[in-house]
Amino acid sequence: MRILLLTSYFYPDEHIGSSRWNRLSKYLLEMGQEIYVVATDNGSNYNVPQKLSNGITRVNSYSSMPDRFLNLASNLKKDNPLEKKRQNYQVEDRKPSISLYNKLVVIVGQIARFPNIQWWSAGEMVKEGMVFVRNHNIDIIVATHPFPGCLKAASKISEKTGIPWIADMRDGWSSYYDIEYKTGSFLNKLIIRLEKKYLNKSSKVIGVNQKLVETLKTKDDKFAIVPNSFDTDELADSSNPSNIYEARIGHVNFAFAGTILSEHSWN
């Protein structure tokens, strides 16, 4: 099977978000599957040998018009003499304050980037994903979460090609703990509508445990559970601090194993 994976983080990104698919990819490749990856550019060292995919492309997740506008607005604020004066005032042991301009940029940013900072740059992911589709006869698309731009891109590629896609929800969408929009607010209700729309378009929705599944807004018959777990090879390789967080106290080993308990609550 030839898999197109759309993800915000992937090896060698030093981020907990990359762990799930770093581990799954390793064993899927050993089983003879092919995995082609479109991931976002997170500024890691991408010159290291790529061992967990048959091919990978990185895209800029902040290339949309809203991103460019907000970056321009932020830079204008930094160069503003009044802003420099305000920052210098704060350095002199006084209470920090947030300027009216900064508040305005934040509010405009939340609206312009709605529902997420990577949503409007999904076009780059679609463009690069279509290259893999044309060159490698992809059988299935998998989009990981958080950052629903990946889900949007998977849905768009599926619409163009008829290839089924899977939403791999290692976190919630409207229930995500780090969401910018207050639960119950108008914009949060719009996010719930988007969640229903896109998850209902998928062929399957994967959750890491039952508690997460219960928060997702889609049809019950779409769900399957694939828990997070740890890789025994990582535990054996204690020389690599990026693979294992370990403390030795006498004969006791403490190792970070990821979220694997079904009763875990991310909130």
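These values consider heavy atoms only, across backbone and side chains, with no hydrogens, waters or symmetry-generated copies.
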Review point. Is it the case that one hydrophobic cluster holds both Trp120 and Leu190, taking links as side-chain heavy atoms less than 4.5 Å apart, direct or via other members?
Key: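 Hydrophobic grouping puts Trp120 with Leu190.
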Review point. Does one hydrophobic cluster hold both Leu151 and Met130, with members joined at side-chain heavy-atom distances below 4.5 Å?
Key: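 Yes, Leu151 connects to Met130 through the hydrophobic network.
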Under a 4.5 Å cut-off applied to non-hydrogen side-chain atoms, are [X] and [Y] in contact?
{"X": "Val131", "Y": "Lys127", "result": "no"}
{"X": "Val208", "Y": "Val226", "result": "no"}
{"X": "Leu199", "Y": "Met169", "result": "yes"}
{"X": "Ile191", "Y": "Pro115", "result": "yes"}
{"X": "Tyr36", "Y": "Ile3", "result": "no"}
{"X": "Ile166", "Y": "Ile140", "result": "yes"}
{"X": "Ile163", "Y": "Val133", "result": "yes"}
{"X": "Glu195", "Y": "Leu216", "result": "yes"}

Heavy atoms only: give me the nearest [X]-[Y] pair and the separation to one decimal.
{"X": "Ala154", "Y": "Leu6", "answer": "N-CD1, 3.5 Å"}
{"X": "Leu4", "Y": "Gly129", "answer": "CD2-O, 3.9 Å"}
{"X": "Asn60", "Y": "Glu124", "answer": "O-CG, 4.3 Å"}
{"X": "Ala153", "Y": "Met125", "answer": "CB-CB, 3.8 Å"}
{"X": "Glu14", "Y": "Ser44", "answer": "N-OG, 4.2 Å"}
{"X": "Val37", "Y": "Ile35", "answer": "CG2-CG2, 3.9 Å"}

Review point. Between Trp173 and Tyr198, what is the ring plane arrangement, given parallel below 30°, perpendicular above 60°, and tilted in between?
Key: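 The arrangement is tilted - the two ring planes meet at 30° to 60°.
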Side-chain ([X]) to main-chain ([Y]) donor-acceptor, under 3.5 angstrom:
{"X": "Lys222", "Y": "Asn200", "result": "yes"}
{"X": "Lys217", "Y": "Thr215", "result": "yes"}
{"X": "Thr40", "Y": "Ser8", "result": "yes"}
{"X": "Ser25", "Y": "Asn22", "result": "no"}
{"X": "His15", "Y": "Gly17", "result": "yes"}

Check your understanding: Do Arg58 and Asp13 meet the salt-bridge criterion of a basic N to acidic O distance under 4.0 Å?
Key ->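 Between Arg58 and Asp13 there is a salt bridge, with a charged N closer than 4.0 Å to a carboxylate O.
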Separation of [Y] [atom2] from [X] [atom1] (nearest 0.5 Å):
{"X": "Leu5", "Y": "Phe132", "atom1": "CG", "atom2": "CZ", "value": "10.5 Å"}
{"X": "Ser53", "Y": "Ile56", "atom1": "OG", "atom2": "CD1", "value": "5.0 Å"}
{"X": "Leu29", "Y": "Asn54", "atom1": "CG", "atom2": "CG", "value": "5.5 Å"}
{"X": "Trp21", "Y": "Leu52", "atom1": "CH2", "atom2": "CG", "value": "11.5 Å"}
{"X": "Lys152", "Y": "Ser155", "atom1": "NZ", "atom2": "OG", "value": "10.0 Å"}
{"X": "Ser175", "Y": "Leu212", "atom1": "OG", "atom2": "CG", "value": "6.5 Å"}

Point to revise | Criterion side chain to side chain contact (heavy atoms under 4.5 Å, CB included) on Phe10 and Gln50, from CA distance to verdict | key: CA-CA 10 Å; Phe10 194 75; Gln50 181 52 247; 3.7 Å; yes
Check your understanding: Who else is in the cluster with Tyr46 when I, L, V, M, F, W and Y are joined by side-chain contacts under 4.5 Å?
Key ->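 So far as hydrophobic clustering goes, Tyr46 is joined with none.
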Practice item. Decide side chain to side chain contact (heavy atoms under 4.5 Å, CB included) for Val48 and Tyr11; before the verdict, give the C-alpha distance in whole Å, the side-chain angles of both, and the deciding distance to 0.1 Å. Key: CA-CA 9 Å; Val48 299; Tyr11 178 86; 4.1 Å; yes
Practice item. Could you check Ser158 against Lys201 for side chain to side chain contact (heavy atoms under 4.5 Å, CB included), going step by step and ending with a plain yes or no? Key: CA-CA 9 Å; Ser158 180; Lys201 286 182 175 183; over 6 Å; no
**Study point:** More than 12 heavy atoms from other groups under 6.0 Å of CG on Asp220
**Key:**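 Counting other residues, nucleotides and ligands, CG of Asp220 stays at 12 neighbours or fewer.
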Practice item. Scan residues 31-48 for pairs that pass salt bridge (Lys or Arg N to Asp or Glu O under 4.0 Å), counting only residues two or more places apart or in two chains. Key: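 Residue pairs passing salt bridge (Lys or Arg N to Asp or Glu O under 4.0 Å), neighbours aside: none found.
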Under the side-chain contact (heavy atoms from CB on, under 4.5 Å) test, which residues partner [X], sequence neighbours left out?
{"X": "Glu214", "answer": "Gln210"}
{"X": "Ser203", "answer": "Pro164"}
{"X": "Asp139", "answer": "Met1, Arg2"}

Exercise for review: State whether Trp165 and Lys204 meet the cation-pi test: NZ (Lys) or CZ (Arg) under 6.0 Å from the six-membered ring centroid, and within 45° of the perpendicular axis.
Suggested key: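 Not flagged: Lys204 not positioned over aromatic ring of Trp165.
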**Study point:** Lys189 NZ/CZ over Phe186 ring centroid, <6.0 Å and within 45° of normal
**Key:**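 No, a cation-pi geometry is absent between Lys189 and Phe186.
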Expected list for residues 142-150: side-chain donor-acceptor pairs under 3.5 angstrom, two or more places apart:
| unit_1 | atom_1 | unit_2 | atom_2 | d |
| --- | --- | --- | --- | --- |
| Thr144 | OG1 | Thr7 | OG1 | 3.0 |
| His145 | NE2 | Gly172 | O | 2.9 |

Check your understanding: Where do Thr218 and Lys196 land on the side chain to side chain contact (heavy atoms under 4.5 Å, CB included) test, with the steps shown first?
Key -> CA-CA 5 Å; Thr218 191; Lys196 288 179 180 178; over 6 Å; no
